[in-house]
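Every number for a ligand or one of its atoms is a count from 1 in the order of the listing.
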Amino acid sequence: MRLKDKVALITGAGSGIGYQTALRFAREGAAVLAVDINEEGGLQCVADIGQRGGSASYFRADVSRASDCEKMIDAAESTFGKLDVLFNNAGISHAEDDDAINTSEAVWDQTMTVNVKGVFLGCKYGVPALRRAGGGSIINTASFVALMGAATPQLAYTASKGAVLSMTRELAMIHARENIRVNALCPGPLRTELLMKYLDTEEKKQRRLVHIPMGRFGEATEIADAALYLASDESSFVTGSSFMVDGGITAAYVTPEQPRVKAGSWL
Ligand code: NAD
């Protein structure tokens with residue numbers, strides 16, 4: 001078991017990446033504190049883990065609120081005795097997030113508050129707990145959009161994920177000598193609620209798929225596998241990284257489906 005005797009706190013565990021990662025971590029021996037504002041999803045996740053013989057507990061917290069974040073870290077330590085892995089994964093993508101002209105200040109603020117401040121607050125209260133445990137691993141969910149511009153405007157979301165990447169790098173430097181590793185996980189487009197609620201027709205899905213070299217959406221379970229590597233001691237020399245798990249999207253210039261140009265024909 002790759003996370004034997006470890007305690008992991010996962011935010012956004014009521015759905016998608018967080019849910020699947022909670023199951024994966026528990027299968028590898030971790031005790032999991034599943035955190036979400038969505039009580040139904042969080043409780044379902046914990047029940048699922050219990051049915052499979054794992055150890056988990058649900059805690060309701062809004063990651064954009066300092067007092068909630070302080071309490072969720074306390075809950076991990078009081079329920080399971082310590083904290084080894086902090087997965088700051090909860091995030092939102094607002095339906096009215098648009099370009100600079102059309103994105104309202106309220107949408108900008110809400111996106112930044114959950115996606116950026118939520119990671120900061122997780123670390124603010126989580127780092128002291130990791131220190132008490134003698135070190136650990138922090139994983140922050142960013143996105144491939146932190147590195148790529150897209151014609152589909154989503155300005156607040158994209159900026160928020162860029163902030164998660166730069167915050168991750170700085171945290172990694174600050175805590176590098178304390179046995180606390182900090183890495184960003186950058187998923188590509190996934191078949192989870194967050195994206196599929198927008199790509200709700202086959203035509204919209206196909207329009208996105210042409211940009212993904214592997215020609216398909218990723219699964220939350222594939223991100224969970226990457227999170228497992230970053231959480232476990234197998235990644236003991238990995239810190240400050242931006243771990244792309246994106247079907248090749250950030251490596252692409254011309255995707256395989258698009259017409260190929262013969263070498264030299266630019267000239
Ligand atoms: P999801 O919508 O399936 O799950 C997100 C979970 O976070 C939900 O259960 C939601 O209730 C919870 N949440 C939202 N706001 C919260 C808050 N303030 N406090 C606590 N919990 C909160 O989405 P997902 O696809 O699993 O996304 C997880 C992370 O991955 C997000 O940070 C997202 O930005 C990122 N991501 C997703 C994709 C994708 O294509 N789905 C791609 C790249 C990055």
For V238, is there any backbone N or O sitting under 3.5 Å from a side-chain donor or acceptor partner on S241? no
### Query
After noting the C-alpha distance and the side-chain angles of K82 and E77, does the key distance pass the salt bridge (Lys or Arg N to Asp or Glu O under 4.0 Å) rule?
CA-CA 4 Å; K82 59 172 180 161; E77 290 191 309; over 6 Å; no
- Item | Check: D246/T250 side-chain N/O donor and acceptor closer than 3.5 Å | yes
Is there a donor in the side chain of T221 and an acceptor in the side chain of R24, or the other way round, less than 3.5 Å apart?
no
Lining ligand 1 at under 4.0 Å, by non-hydrogen atom distance, are residues G12, G14, S15, G16, I17, D36, I37, N38, A61, D62, V63, N89, A90, G91, I92, V114, T141, A142, S143, Y157, K161, P187, G188, P189, L190, T192, E193, L194, L195
Check your understanding: Above 12 or not: heavy atoms from other molecules or residues under 6.0 Å from NZ of K124?
Key -> no
- Task: Can you establish whether the number of heavy atoms outside E96 located under 6.0 Å from its atom CD is more than 12?
- Result: no
